[in-house]
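As structure tokens, the structure follows; a few thoughts come after it.
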Protein chains: 2
Amino acid sequence: MNASEQRGRKPRADVQRNRAALVETAQRHFLQYGVGTSLEAVAKEAGVGPGTLYRHFPTREALLAAVLQTRSEELVARQADIEQLGDAGEALEQWLRAMEEYFSAFSGLPDPLMAAARAQEPDNPLTIPCEIFITVTDKYVAAAQLAGHVRASVRGYDLFLAACSIAWITGNGAEEESLDRLRTLIASGYRERNTQA
Amino acid sequence: MNASEQRGRKPRADVQRNRAALVETAQRHFLQYGVGTSLEAVAKEAGVGPGTLYRHFPTREALLAAVLQTRSEELVARQADIEQLGDAGEALEQWLRAMEEYFSAFSGLPDPLMAAARAQEPDNPLTIPCEIFITVTDKYVAAAQLAGHVRASVRGYDLFLAACSIAWITGNGAEEESLDRLRTLIASGYRERNTQA
DNA sequence: ACCTGAACACCGTTCAAGT
DNA sequence: ACCTGAACACCGTTCAAGT
């Protein structure tokens, strides 16, 4: 959002180009070096001065939010697939995996996400996505509880935290086997003890 | 460890003083600003040049390990208390809490710990402490399994990861209530389903 | 043997000057 | 209206010169 867009006019062509180049380059650098990567390097490789980067994205979180936005279609598609599932317990599990993968996209991403989920600062551009994640998780949890698959005491926020944790561990280079063990342990924690099968 | 100590001689008085001042100051700064705090500021407040800090502690991890060392007596005392407990399940729980608290001492501490636990670099001064943590956790897990309190599939490493995660969430400012809910969920995950009480 | 602190490199961030 | 890039501040790290 810049001045032109605020007034409903079409942004200048070079503005659009700069913004797109910044987001595209940032995504590559985030993928390769993590969310703490040098913004100076991003600006340089995108062919703009550092001032242009800061004009478009006043904070690192703003740039991060823009990059995550471009990755969210994939997640919406996953949700559509999940809705097709008959089993609410299976749906919740797949949604948790989808969140984990999304949060594991860049190393270091879980930290700003957690920070945004905690403090309700309206100026943090990651706050809204986080709230959406928590709300959607709540929905899947409620459905799975209705179907008797998940214990009544579990909240969506708890499993959001769990997904963030798994993504954090992933970003620190844990082996897939360790992650699977921890996922199983957590699933045993939230699943309803079946009073016989 | 410096040249004097390597030869078994007594280190010069100013060397001891510098080292102690660095560790003490670093602990205060880690507590207040997290493990990413400025080492330059630590050196300045400890009254030494940056070169002296780097001579004593070639990496941030080395300084961190020295600070953690001074906090480990407390943990050993906790272990002694825990040994007194009759219930192996209770002992495991208390040990997990002790680890969590230890890992939560400084914000940002779980990251270098996880990195050290993962890669077996012998030059990382946090690797040995991590291995000890995992081994001790294994011991408590084994005892709790023998007593029938913990599921056979659980490993100490899994619960070490869980403790790191809780500490990471804590460092990101989560509310105590959220932490308690997640602890309960994890405990439900590793505890044996009692075939009647 | 150890310490000092200047020096270099790198990065985040701002802002006066341009187009 | 937007961009440029110099400028400033801050920090990590090294190393030649001192004691």
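Below, chain A is the first sequence line, B the second, and so on; all start at residue 1.
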Base versus backbone protein contacts along nucleotides 6-19 of chain C [heavy-atom cut-off under 4.0 Å; B, S, -]:
B----BSBBB----

Could you check how far CZ of B/Arg17 sits from C1' of C/dC2, rounded to whole Å?
12 Å

Just how far, in rounded Å, is C1' of D/dC2 from CZ of A/Arg55?
5 Å

Qualifying residues under ring pair (Phe, Tyr, Trp, His ring centres under 6.0 Å), relative to [X], sequence neighbours excluded:
X: B/Tyr190; result: none
X: B/Phe30; result: B/Phe106
X: B/His149; result: none
X: B/Tyr102; result: B/Phe133

Please state whether the phosphate of C/dC3, meaning OP1 or OP2, lies under 4.0 angstrom from any side-chain nitrogen or oxygen of B/Asn18.
yes

Counting just side-chain N and O atoms, does B/His56 come under 4.0 Å of either OP1 or OP2 of C/dC2?
no

Fill in the dot-bracket string of DNA chain D, one character per base: . for unpaired, | for a pair to another strand, ( ) or [ ] for pairs within the strand, taking Watson-Crick or G-U pairs under 3.5 Å.
||.|||||...|||||.||

According to the side chain to side chain donor-acceptor pair (under 3.5 Å) rule, which pairs have a member within residues 165-174 of chain A, sequence neighbours left out?
A/Trp168-B/Asp111

For residues 132-148 of chain A, which residue pairs qualify under salt bridge (Lys or Arg N to Asp or Glu O under 4.0 Å), counting only residues two or more places apart or in two chains?
A/Glu83-A/Lys139

Which residues pass the side-chain hydrogen bond (donor to acceptor under 3.5 Å, both in side chains) test with B/Glu175, not counting sequence neighbours?
B/Ser178

Is A/Arg191 salt-bridged to A/Glu93, cutoff N-O under 4.0 Å?
yes

